[in-house]
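Remember, predicted model here, so these are calculated numbers, not experimental data. Each chain gets a letter, A, B and so on, in the order its sequence line appears, and its residues count up from 1.
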Protein chains: 2
Amino acid sequence: MDLPSRDTSSDSIAEDIALAIHEHRLPPGSKLSEDEVGEIFGVSRTVVRAALQRLAHDRLVELRRNRGAFVAQPSLREAREVFEARALLEPRTARSAAERITEADLALLQRHIDAEHEALAAGQAGRALYLSGKFHIEIARIADQDTIAEFITQLVARSSLIIAVYWQRRGALCERHAHHALMRALAAHDGALAEELMKSHLLDLLSSLDLRSRTAAPSSLREALGG
Amino acid sequence: MDLPSRDTSSDSIAEDIALAIHEHRLPPGSKLSEDEVGEIFGVSRTVVRAALQRLAHDRLVELRRNRGAFVAQPSLREAREVFEARALLEPRTARSAAERITEADLALLQRHIDAEHEALAAGQAGRALYLSGKFHIEIARIADQDTIAEFITQLVARSSLIIAVYWQRRGALCERHAHHALMRALAAHDGALAEELMKSHLLDLLSSLDLRSRTAAPSSLREALGG
DNA sequence: GAACACAAGATTGTATACGATTTTGTGCCG
DNA sequence: CGGCACAAAATCGTATACAATCTTGTGTTC
């Protein structure tokens, strides 16, 4: 049933939780009780704690001493900073990717985009968002930069949380064209264009968020009273 | 004996070990037995494991299943990638810092440089290296970019490991002039110059490493047989 | 009726115990 | 004498138990 040589169970659980957060099945602020999580996955609190600590290190969950673990609620400042970090890392990485990309890579990227469209068509917005993030990570992998890819992985996951908190419903699928145009630039080995497209794509993403006001960190209390 | 309201003990232990690695008191490849570390710090393996997992996440130690924790030995590839990541993050961050820096920040940076020189004069090369890294992190803090500062913190720590493995003894203190020149650019609020200086400083650092040959990852075996 | 004090409940922090896996030492066999 | 097999030791992986801390409910007092 399991894959042949799986990582430690805590890694597996951390990934499961991270995926749920990424796909917005676990909204920001959700409590992750150690007992509860342990019961769900059939393991003891020891391994759950390891998983939660890893997620806390990635800033996906917040650990409050003697209070428990909660899905993180990125602050306005953090939201800005995450996209500023991405703006430093991703455009130049896209340029490198364009210079190194192979036919196999292009095919893989195309499958990614197709899967994203399918998920969107099936109404699985969360999954589409997850795949959209994977697209960015894949570019870093194509650029053959594991270290940067890891940072981007982390930033993409945090971006997903930021979107969960600050997304202002409006034109939703500017994504489609952006990713498609980016892929064409990559296919043409046009590094300069790829860099420029990635840069503006990230700016578009940022500007589609509602980063005004909301003075304090949106506590779950605020969410509850908002309705 | 303890500080008033310390973090969890595992955080404190992780920092202690990270500092030891940073200052080259713990060479790459060192084994970090859970029992041994626990005895040294007077805690159980539970908290030691948490500390080691955090360090593993930062890539300072490598966790091998059923084998134990070892101080990481960065590969050639990782060495290159770390400095490429720094090259993407730090120059632009230095520019931002130059635009925002205050008198208080400048005084703090000056104290950093002074402490670095003192350590060097006192023959504490490891401590000087640590302070030199702090200088880079401080610049990110001045740029008011916590998220990027965190990444740089991680990259600086890994750089310290890389230096431990790949440093070729030669002119050692190009650092002094580089950091001083950088500080002058910051003081003059000359963002473009600061960016350029940081860029070439990182290139200098990289070129002072011996990244040739050593085909495989340098196992501790090789070290042992080298003498 | 409101505010405070205290106690019961729940949840996390840490230690210890046991099982699984790897390493290493020893002895037999070719 | 070299190589393999097996057993003992060491070390990590996980579960469980207890202590510390926080939350929350209740009763008393003003």
Query raised in the report: Contact boundaries of DNA chain C with chain A (under 4.0 Å, heavy atoms), 5' to 3'?
Result: C/dT11 to C/dT14
What protein N or O atoms touch nucleotides 6-9 of chain D N or O atoms at under 3.5 angstrom, if any, and at what distances?
none

Identify all pairs in which a protein N or O lies below 3.5 Å from an N or O of nucleotides 18-22 of chain D, and state each distance.
residue, atom, partner, partner atom, Å
D/dT21, O3', A/Asn66, ND2, 3.3

Salt bridge (Lys or Arg N to Asp or Glu O under 4.0 Å) partners for [X], two or more places apart:
X        : answer
A/Arg92  : none
A/Arg45  : A/Glu34
A/Asp114 : none
A/Arg77  : A/Glu81, B/Asp144, B/Asp146

**Report entry** Short N-O contact, A/Arg141 and A/Asp105, less than 4.0 angstrom
**Finding:** yes
Query - Pairs meeting criterion ring pair (Phe, Tyr, Trp, His ring centres under 6.0 Å) with involvement of residues 42-80 of chain B, two or more places apart - result: A/His57-B/His57
Requested in this report: Hey, could you give me the NE2/CG distance between B/His136 and B/Leu89, rounded to the nearest 0.5 Å?
Outcome: 13.0 Å
Query raised in the report: More 5' along DNA chain C: A/Arg64 or A/Thr46, using each one's nearest nucleotide?
Result: A/Arg64
Query raised in the report: Of the residues in residues 33-44 of chain A, which ones touch DNA chain D at a heavy-atom distance under 4.0 Å?
Result: A/Val43, A/Ser44
**Report entry** Which residues share a side chain to side chain donor-acceptor pair (under 3.5 Å) with B/Thr153, sequence neighbours left out
**Finding:** none
Query raised in the report: Residues in side chain to side chain donor-acceptor pair (under 3.5 Å) with A/Gln145, at least two apart?
Result: B/Glu84
Query - Heavy-atom pair with the smallest gap, counting every atom of A/Ala128 and A/Ala119 - result: N-CB, 3.9 Å
Query raised in the report: With a cut-off of 6.0 Å (strictly less than), are more than 12 heavy atoms of other residues, nucleotides or ligands near CD of B/Glu39?
Result: no
Query raised in the report: Residues two or more places apart in sequence or in another chain: which of them pass side-chain contact (heavy atoms from CB on, under 4.5 Å) with B/Arg25?
Result: B/Ala20, B/Glu23
